[in-house]
Novice: 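Take a look at the following structure, please.
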Amino acid sequence: AILTFAFSVFLLCLIFIPGENIWNISQNLILGLFGYTAILLPLLLIYISIKTAMDKPDQNITLKMWLSVISIILFCSAVYIFTSGSSISFSKFFGEISDLYKSGVNKTSGGVFSGLLGIPFVALFGGSGAKVIVLISLFISLMFLTGTNLMSFLNHFLKPMNKMKEKKNRNDVNYNW
């Protein structure tokens, strides 16, 4: 947990602090791959390190790391799908990936990882279908990553409605004597 936290702080610095030589090359690589969604990588690593420190030690940190990677790639793909046009062909795949790297370095796209699933999803399912599929996939991956089950997720959203209902019932009490 400590090493994961330290690495996430390092990545956070690498993303935001400009530098020279290897630092600049590393920064361009991270931004080229993830674009402006690169901030998710250290944030999810911080979440994993805190969750690992709080949870039982027998829980699998490797699984959480892979779920984080999947969630980040799906989020990057969602960025591509929601910001690109509604049609693209596979023949332009490598040219588009190259453009995504360049625009990722400039922080104007989701980087290379946004196109890895985003381009095939848009090419196969069209804009609308790709949006639905990537959002459902992202929802599922985040549920697994956080360990949230469906009932606790629903209860989280029902709690405010139940409180409003209780408040309304308290205000509807008839005080006629």
Side-chain angles (χ1 to χ4, degrees), residues 4 7-8 11-12 14-16 25-52 55 59-161:
T4 306
F7 183 67
S8 62
L11 278 177
L12 203 58
L14 185 63
I15 292 167
F16 287 110
I25 292 168
S26 301
Q27 185 179 54
N28 286 342
L29 179 66
I30 296 273
L31 291 173
L33 293 175
F34 296 100
Y36 52 75
T37 62
I39 186 65
L40 293 177
L41 189 58
L43 293 180
L44 279 175
L45 287 174
I46 289 171
Y47 168 78
I48 288 171
S49 64
I50 292 171
K51 194 82 167 133
T52 303
D55 287 348
Q59 291 214 340
N60 193 351
I61 193 167
T62 306
L63 177 63
K64 288 182 182 180
M65 292 289 210
W66 279 109
L67 286 170
S68 294
V69 168
I70 291 168
S71 298
I72 291 169
I73 291 172
L74 286 170
F75 188 80
C76 290
S77 299
V79 167
Y80 179 85
I81 291 167
F82 280 88
T83 59
S84 72
S86 60
S87 66
I88 192 164
S89 67
F90 280 114
S91 62
K92 297 181 181 181
F93 181 81
F94 292 108
E96 185 74 13
I97 292 292
S98 175
D99 291 344
L100 286 170
Y101 182 85
K102 293 171 191 166
S103 60
V105 170
N106 294 324
K107 301 176 193 159
T108 58
S109 78
V112 168
F113 285 120
S114 70
L116 289 181
L117 286 178
I119 294 170
F121 276 20
V122 170
L124 292 171
F125 305 109
S128 299
K131 289 173 185 173
V132 169
I133 291 169
V134 79
L135 287 177
I136 291 172
S137 301
L138 184 59
F139 174 78
I140 291 169
S141 71
L142 290 174
M143 294 285 284
F144 280 123
L145 177 64
T146 60
T148 305
N149 64 36
L150 192 55
M151 287 311 296
S152 63
F153 177 77
L154 292 175
N155 285 334
H156 178 73
F157 287 101
L158 292 176
K159 189 182 281 186
M161 289 190 283

Novice: Pick from Thr37, Leu31, Leu29, Ile30: which one makes a side-chain contact (heavy atoms from CB on, under 4.5 Å) with Leu33?
Specialist: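 The passing option is Leu29.
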
Novice: Which is it for Tyr80 and Leu116 under the side-chain contact (heavy atoms from CB on, under 4.5 Å) test, yes or no, and what are the steps along the way?
Specialist: CA-CA 10 Å; Tyr80 179 85; Leu116 289 181; over 6 Å; no

Novice: Step by step, work out the side-chain contact (heavy atoms from CB on, under 4.5 Å) result for Ile72 and Phe113.
Specialist: CA-CA 9 Å; Ile72 291 169; Phe113 285 120; over 6 Å; no

Novice: How long is the straight-line distance from CG of Leu150 back to CD1 of Ile140, given to the nearest 0.5 Å?
Specialist: 10.5 Å

Novice: Taking all atoms of both residues into account, what is the closest heavy-atom pair of Val122 and Ser84, and its distance?
Specialist: CG2-OG, 4.2 Å

Novice: Could you tell me the separation between the CG atom of Leu11 and the CG atom of Leu43, rounded to the nearest 0.5 Å?
Specialist: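 If I round to the nearest 0.5 Å, the distance is 10.5 Å.
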
Novice: How far does CD1 of Ile39 sit from CZ of Phe16, to the nearest 0.5 angstrom?
Specialist: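 Separation between the atoms: 3.5 Å.
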
Novice: Can you list the residues that meet the side-chain hydrogen bond (donor to acceptor under 3.5 Å, both in side chains) rule with Gln27, with sequence neighbours excluded?
Specialist: none

Novice: Testing the basics here: between Tyr47 and Leu145, what is the closest heavy-atom pair and its distance to 0.1 Å?
Specialist: OH-O, 4.1 Å

Novice: Evaluate the side-chain contact (heavy atoms from CB on, under 4.5 Å) criterion for residues Phe82 and Leu135: first the C-alpha distance (whole Å), next the side-chain angles of each, then the deciding distance (0.1 Å), finally the verdict.
Specialist: CA-CA 10 Å; Phe82 280 88; Leu135 287 177; 3.7 Å; yes

Novice: Which distance, rounded to the nearest 0.5 Å, do you find between the OG of Ser137 and the CG of Leu74?
Specialist: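 Reported to 0.5 Å precision, the distance equals 5.5 Å.
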
Novice: If you count heavy atoms of other groups shown closer than 6.0 angstrom to OH of Tyr36, is the number above 12?
Specialist: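 Counting other residues, nucleotides and ligands, OH of Tyr36 exceeds 12 neighbours.
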
Novice: Quick check: closest heavy atoms across Ser141 and Ile70, and the distance to 0.1 Å?
Specialist: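 Where Ser141 meets Ile70 most closely, the heavy atoms are CB-CG2, 4.2 Å.
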
Novice: Please collect all side chain to side chain donor-acceptor pair (under 3.5 Å) contacts where either partner lies in residues 101-113, sequence neighbours excluded, each pair once.
Specialist: Ser103-Ser109

Novice: First locate atom CZ of Phe7, then atom CG of Leu41, and finally report the distance between them rounded to the nearest 0.5 Å.
Specialist: 7.0 Å

Novice: So, taking the atom named CZ in Phe75 and the one named OG in Ser114, what distance separates them when rounded to the nearest 0.5 Å?
Specialist: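 Interatomic distance, Phe75 CZ to Ser114 OG, rounded to 0.5 Å: 11.0 Å.
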
Novice: Looking only at non-hydrogen atoms, find the nearest pair between Ser71 and Leu142 and report the distance.
Specialist: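 Shortest heavy-atom contact: OG-CD2, 3.8 Å.
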
Novice: Indicate the atoms forming the closest heavy-atom contact of Ser68 with Leu44, along with that distance.
Specialist: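 Where Ser68 meets Leu44 most closely, the heavy atoms are O-CD1, 3.9 Å.
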
Novice: More than 12 non-hydrogen atoms from neighbouring residues, nucleotides or ligands closer than 6.0 Å to CZ on Phe144, yes or no?
Specialist: no

Novice: Please check if the side chain of Ser77 supplies one atom and the backbone of Ile73 the other of a donor-acceptor pair under 3.5 Å.
Specialist: yes

Novice: Restricting to non-hydrogen atoms, name the atom on Leu45 and the atom on Ser8 that form the minimum distance, rounded to 0.1 Å.
Specialist: CB-CB, 3.5 Å

